[in-house]
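Okay, structure first, notes after.
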Amino acid sequence: MSIINILYVSHSANLYGAEQSLLELLKGLERRQFNPIVVLPRDGPLKHSLSDLNITTEVVPTLTAWLTDRPKWQRPLHPLAVLPFVLITLYRLLKFVRRYSVHVIHSNSLVIIDGALAAKLAGIPHIWHAREMLNGHSPYNFLAQPCIPLTVVSRLSTKVICTSKAVARCFDRCSSATTANHEIVYNATEPLREKIVRSPKIRTEYAVKSNSPLIMQLSYVKPIKGCIDLIKAAAIVCQTRPDAVFLLVGSEPDPKYRQHLLNLRADFRLEKNFYLTGFQKEARAVITEADIVVSASHYESFGRTLIEAMHLQKPVIGTAVGGIPEIIDHGVTGLLVPPHCPDALAQTILNLLQNPQLQKKLGQAGQEKAKTVFSLNNHLQSIQSIYTQVVEQNGYR
């Protein structure tokens, strides 16, 4: 087979979970068989990383999300507001399809529809990467009806890649969504490097003593990630372990919400026990200093930071939502707690801190599962096989 030109459409130029997964895919892509071109909405860290890989990028500022996390009363107006931007972006994408002789378009997120429409008009295969759960609890929606976007995604895709069984179940529950074109491919991360660069400055910066427990959550700082539950759990833990330090590591898009968390921290007198670090580019280096990695999220289609921690042999605790139970086998590769329950989270953290043997056991089992189930090599082979399959079905040899 000749080389296959793939146009990737990314909704963001940042380096959060979806973009990191795309970047790792492109790093491992067999370039003698697949030629990537990436469309981004703006300049940013992802564009710089792609330049380092000598991957062609195109910036289209009109690339806009069709699914919104705005308040429900604003959602009926959102499709009308984004329609002009979609039309402009569609025109640009069709030009790229001709310019680069594109054989398949891969949309990296459900929140953008432009790539799917361009593929339909160009008569080429379209792959939609479902990295979000579209259900009644999802922050992303269309006219408050999750079945509408699920049907659109299914009908406009040659193949839908679901990052977890939880994501796939959303399609299964919608009778108008075709399930035959769905395939589950777990996210993956690079295996543990023997000499990964550690980040002891994290402990120094936040005055964490070498013998004090450091508990981390790595996520967006927004309500759906359970940040308030994490602060409440920290307050309970610190009653027994006043030397414990909690770090909430991640971008803080809403200054008002950040201030709300800081006020809550002050109410619980946790100024020396709970910190918001902001975005950290080298997340895995930061994780090396953690004793426990947690996810207090209320909604999680997968849980990428948990497998990053497992690769580093860190014990993990996660809420039993979305794709997290597919990552954590309770009592074997980590521990599960109910969502919206800071008391249970705090008690689980305390029990784990009091049991070093269990920490070691969970860390080792978690690392083994990360190496096998969430292997980057398996991930790459699955995705590349999908590319070959959909393009051959379209008559290209």
Side-chain angles (χ1 to χ4, degrees), residues 16-18 20-21 131-133 135 137-139 162-167 169 184 186-189 213-234 236-237 244 246-250 283-284 286-287 290-353 355 358-374:
Y16 306 137
Q20 287 180 5
S21 292
R131 301 187 185 276
E132 300 83 11
M133 289 189 304
N135 54 26
H137 304 289
S138 172
C162 300
T163 57
S164 66
K165 295 176 184 176
V167 172
R169 281 195 293 270
I184 298 168
Y186 285 125
N187 285 337
T189 62
L214 180 57
I215 300 98
M216 289 186 190
Q217 173 166 310
L218 298 96
S219 69
Y220 253 133
V221 178
K222 54 185 180 181
I224 206 164
K225 295 299 183 178
C227 303
I228 291 176
D229 293 341
L230 185 65
I231 292 179
K232 291 179 178 179
I236 297 170
V237 169
F246 288 73
L247 297 184
L248 180 51
V249 182
R284 297 188 81 186
V286 173
I287 294 173
D291 293 294
I292 300 173
V293 173
V294 306
S295 172
S297 187
H298 303 159
Y299 161 95
E300 203 69 61
S301 58
F302 182 68
R304 177 187 170 87
T305 58
L306 293 174
I307 63 170
E308 289 179 332
M310 290 162 65
H311 267 298
L312 294 167
Q313 209 173 112
K314 302 295 179 180
V316 296
I317 301 172
T319 46
V321 297
I324 292 180
E326 298 171 47
I327 296 173
I328 297 178
D329 304 312
H330 182 64
V332 180
T333 61
L335 299 171
L336 292 170
V337 297
H340 305 278
C341 193
D343 289 348
L345 177 58
Q347 192 56 55
T348 303
I349 292 172
L350 284 171
N351 291 343
L352 198 50
L353 290 176
N355 194 336
L358 180 59
Q359 292 183 44
K360 183 177 180 181
K361 175 187 172 184
L362 295 177
Q364 290 175 341
Q367 185 182 56
E368 186 60 31
K369 182 172 183 178
K371 286 180 179 179
T372 53
V373 179
F374 308 116

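Closest of all the heavy-atom pairs between Gly250 and Val221 is O-CG2, 3.8 Å. For the residue pair Leu345 and Ala296, the shortest heavy atom distance occurs at CD2-CB, 4.0 Å. Annotation for Ala166 and Gly323: closest pair CB-N, 3.8 Å, computed over non-hydrogen atoms. Minimum interatomic distance between Lys314 and Ile287 (heavy atoms only, all atoms of both residues): CE-O, 3.3 Å. Across every non-hydrogen atom of Lys232 and Pro342, the tightest pair is CB-CB, 3.7 Å. Listed here is the closest heavy atom pair of Ile317 and Ile328: C-CD1, 4.2 Å.
Rounding to the nearest 0.5 Å gives a distance of 6.0 Å between CD1 of Ile307 and CD1 of Ile327. Taking CG of Leu352 as the reference point, atom CG of Leu335 lies at 6.0 Å (rounded to 0.5 Å). Between atom CD1 of residue Ile224 and atom OG of residue Ser219 there is a gap of 11.0 Å, rounded to the nearest 0.5 Å. The NE2 atom of His340 sits 9.0 Å away from the OG atom of Ser297 when rounded to the nearest 0.5 Å. How far CZ of Arg169 is from SG of Cys162: 11.0 Å, rounded to the nearest 0.5 Å. Here CG of Leu214 is found 4.5 Å from CG of Leu247. Values are rounded to the nearest 0.5 Å.
In this structure a side-chain-to-backbone donor-acceptor pair under 3.5 Å is missing from Ser164 to Phe302. At distances below 3.5 Å, not a single donor-acceptor pair connects side-chain atoms of Tyr220 with backbone N or O atoms of Tyr16. In this structure, the side chain of Gln217 does not engage the main chain of Cys227 through any donor-acceptor pair within 3.5 Å.
Partners of His330 by ring pair (Phe, Tyr, Trp, His ring centres under 6.0 Å), not counting sequence neighbours: none found. In this structure, the side-chain contact (heavy atoms from CB on, under 4.5 Å) partners of Ala346, at least two apart in sequence or on a different chain, are Ala233, Ile236, Val237. Legend: residues meeting side-chain contact (heavy atoms from CB on, under 4.5 Å) with Pro338, ordered by chain and number and at least two apart, are Cys341, Ala344. Every residue two or more places apart in sequence or in another chain that forms a side chain to side chain donor-acceptor pair (under 3.5 Å) with Lys369 is listed here: Asp329. With sequence neighbours excluded, no residue forms a side chain to side chain donor-acceptor pair (under 3.5 Å) with Thr319.
Here the side chains of Val294 and Thr348 are not in contact, with every heavy-atom distance at 4.5 Å or above. Asn187 is listed as a side-chain neighbour of Arg131, based on a closest heavy-atom distance under 4.5 Å. The closest side-chain heavy-atom distance from Lys165 to Ile184 is below 4.5 Å. Residues Asp291 and Pro315 are not in side-chain contact: their nearest non-hydrogen atoms beyond the backbone lie 4.5 Å or more apart. Within the 4.5 Å cutoff, side-chain heavy atoms of His311 are placed close to those of Arg284. Leu336 is listed as a side-chain neighbour of Pro325, based on a closest heavy-atom distance under 4.5 Å.
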**Report entry** Criterion side chain to side chain donor-acceptor pair (under 3.5 Å) on Asp343 and Gln347, from CA distance to verdict
**Finding:** CA-CA 6 Å; Asp343 289 348; Gln347 192 56 55; over 6 Å; no
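Aromatic ring pairs are classed by plane angle as parallel below 30°, tilted from 30° to 60° and perpendicular above 60°; the pair Tyr186 and Phe374 is perpendicular.
Remark: Lys361 NZ is loosely packed, at most 12 non-hydrogen atoms of other residues, nucleotides or ligands lying under 6.0 Å away.
For residues 300-309, every residue pair satisfying the salt bridge (charged side-chain N to carboxylate O under 4.0 Å, His left out) rule, not counting sequence neighbours, is listed here: Glu24-Arg304, Lys225-Glu300, Arg304-Glu308.
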